[in-house]
Amino acid sequence: MVTLKSERELGLMRVAGKAVAQILDEMIRMVEPGITTGELDQYAESRCKELKVIPAFKGYHGFPACVCISVNEEVVHGIPSKKKTLKAGDIVGLDFGVHYEGWYGDSARTVPVGKVSAEATQLLKVTQESLMRGIAACKEGNRVFDIGHAVQNYVEPFGYGVVREFVGHGIGRALHEDPQVPNYGPKGKGLQLKVGMVLAIEPMINAGSHEVKVLNDGWTAVTVDKALSAHFEHTVAITPNGPEILTRLE
Ligand code: MG
Ligand code: MG
């Protein structure tokens, strides 16, 4: 079932979204060679307590941490660890969500660790831009697949693969609500978008084949061809004035 959010409910989702943006910003400032993914996760957990929001991912289907941290060929759902140290040349995806008074926010960014290759820099730039193009399609009267079409149409000419197995989603009282929002698909198809819908738009783009597999830890998704992968996400409300990004600081 697709739910429409009232103005009061959107207000609570803005609080959740701002907390996500704030904590993600802070984690990203900490990213440098030598830090462990476990330290980043621990920092996010302590900041949730201070900002009085609840981490959304910890315990979700048994996920063991607050942040999904995915390095290089890891696509999504990497498990943070004090034994996993970031090094110069890596790219690291931080996917983070919270809830506040029962309302969720969800966002992700992929950033360089120290100096990275030109290939990695381009992948990050193109994936971020594909998110913005997907968000631009989040307009009343458009259809769900218009979002994925905008993403796919932009990234595939670079020779990149759009991940199929994981998709964006509605969000609100639950982290994952209907509808599913694929990052690919035919223009003009799917559910019609209405004011009050809130969607997490989250392209996962591989610098190679779109194929992914899940490692034996039961969580970490990686590219089958070991190519780099990037992930950007925002929680976006459809308003009479167009898309409003909830997981961004002013
Ligand atoms: Mg997310
Ligand atoms: Mg999400």
Side-chain angles (χ1 to χ4, degrees), residues 2-3 5 13-14 16-28 37 40-41 44-45 47-48 53-71 74-80 91-100 102-111 124 127-128 130-132 134-135 137-138 144 147-148 151 162-184 197-206 212 214 219-222 229-238 243-248:
V2 176
T3 60
K5 280 72 178 179
M13 293 193 77
R14 283 188 190 102
K18 294 261 185 283
V20 171
Q22 173 84 35
I23 295 170
L24 256 185
D25 273 0
E26 292 171 8
M27 276 192 283
I28 284 167
T37 59
L40 291 168
D41 183 70
E45 184 157 24
R47 286 295 281 141
C48 283
V53 293
I54 317 257
F57 302 168
K58 195 161 191 175
Y60 187 83
H61 293 288
F63 190 76
C66 294
V67 191
C68 294
I69 306 186
S70 307
V71 181
E74 295 172 357
V75 178
V76 285
H77 304 162
I79 301 173
I91 60 171
V92 59
L94 303 168
D95 184 1
F96 179 60
V98 306
H99 56 97
Y100 171 75
W103 293 91
Y104 282 80
D106 188 9
S107 184
R109 288 180 230 162
T110 305
V111 296
L124 300 183
T127 305
Q128 185 167 27
S130 77
L131 169 62
M132 299 321 288
I135 291 171
C138 290
V144 163
I147 299 167
V151 170
V162 176
V163 171
R164 308 290 201 269
E165 282 85 347
F166 304 98
V167 297
H169 49 94
I171 180 168
R173 280 257 194 225
L175 178 60
H176 295 118
E177 295 183 350
D178 290 336
Q180 293 201 334
V181 185
N183 295 299
Y184 53 90
M197 287 182 183
V198 182
L199 305 174
I201 310 299
E202 51 176 317
M204 289 148 262
I205 306 299
N206 300 341
V212 303
V214 175
W219 283 104
T220 313
V222 299
S229 186
H231 179 209
F232 283 81
E233 177 178 26
H234 272 309
T235 297
V236 179
I238 293 161
E244 177 186 343
I245 299 175
L246 303 183
T247 41
R248 186 159 76 177

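One is the number of the first residue; the rest follow in order along the sequence. Both ligands and their constituent atoms are indexed starting at 1 by order of listing. It should be emphasised that the depicted structure is a prediction, and the values quoted were computed from it without experimental measurement.
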More than 12 heavy atoms of other residues, nucleotides or ligands under 6.0 Å from CD of Gln22: yes or no?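 Atom CD in Gln22 is packed in, count exceeds 12.
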Tell me whether Asn183 contacts the main-chain N or O of Val167 through its side chain, where contact means a donor paired with an acceptor under 3.5 Å.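 No; judged by distance alone, with no hydrogens or angles, the pair does not exist.
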Examine His169 and say whether one of its N/O/S atoms is closer to the Mg ion (ligand 2) than 2.8 Å.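 Coordinating: yes.
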With the Mg ion (ligand 1) as the reference point, give the N/O/S atom of [X] that is nearest.
{"X": "Asp95", "result": "OD1"}
{"X": "Glu233", "result": "OE1"}
{"X": "Asp106", "result": "OD1"}

For the Mg ion (ligand 2): the N/O/S atom of Glu202 at shortest distance: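 Minimum-distance N/O/S atom of Glu202 relative to the Mg ion (ligand 2) is OE2.
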Between Phe166 and His77, is a ring pair (Phe, Tyr, Trp, His ring centres under 6.0 Å) present by the stated rule, with each step listed? CA-CA 10 Å; Phe166 304 98; His77 304 162; 5.2 Å; yes
Which of these passes side chain to side chain donor-acceptor pair (under 3.5 Å) with Asp106: His234, His169, His176?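 Of the listed options, the one satisfying the test is His169.
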Quick check for you: to the nearest 0.5 Å, what is the distance between Glu26 atom CD and Arg47 atom CZ?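 Going from the CD atom of Glu26 to the CZ atom of Arg47 covers 4.0 Å.
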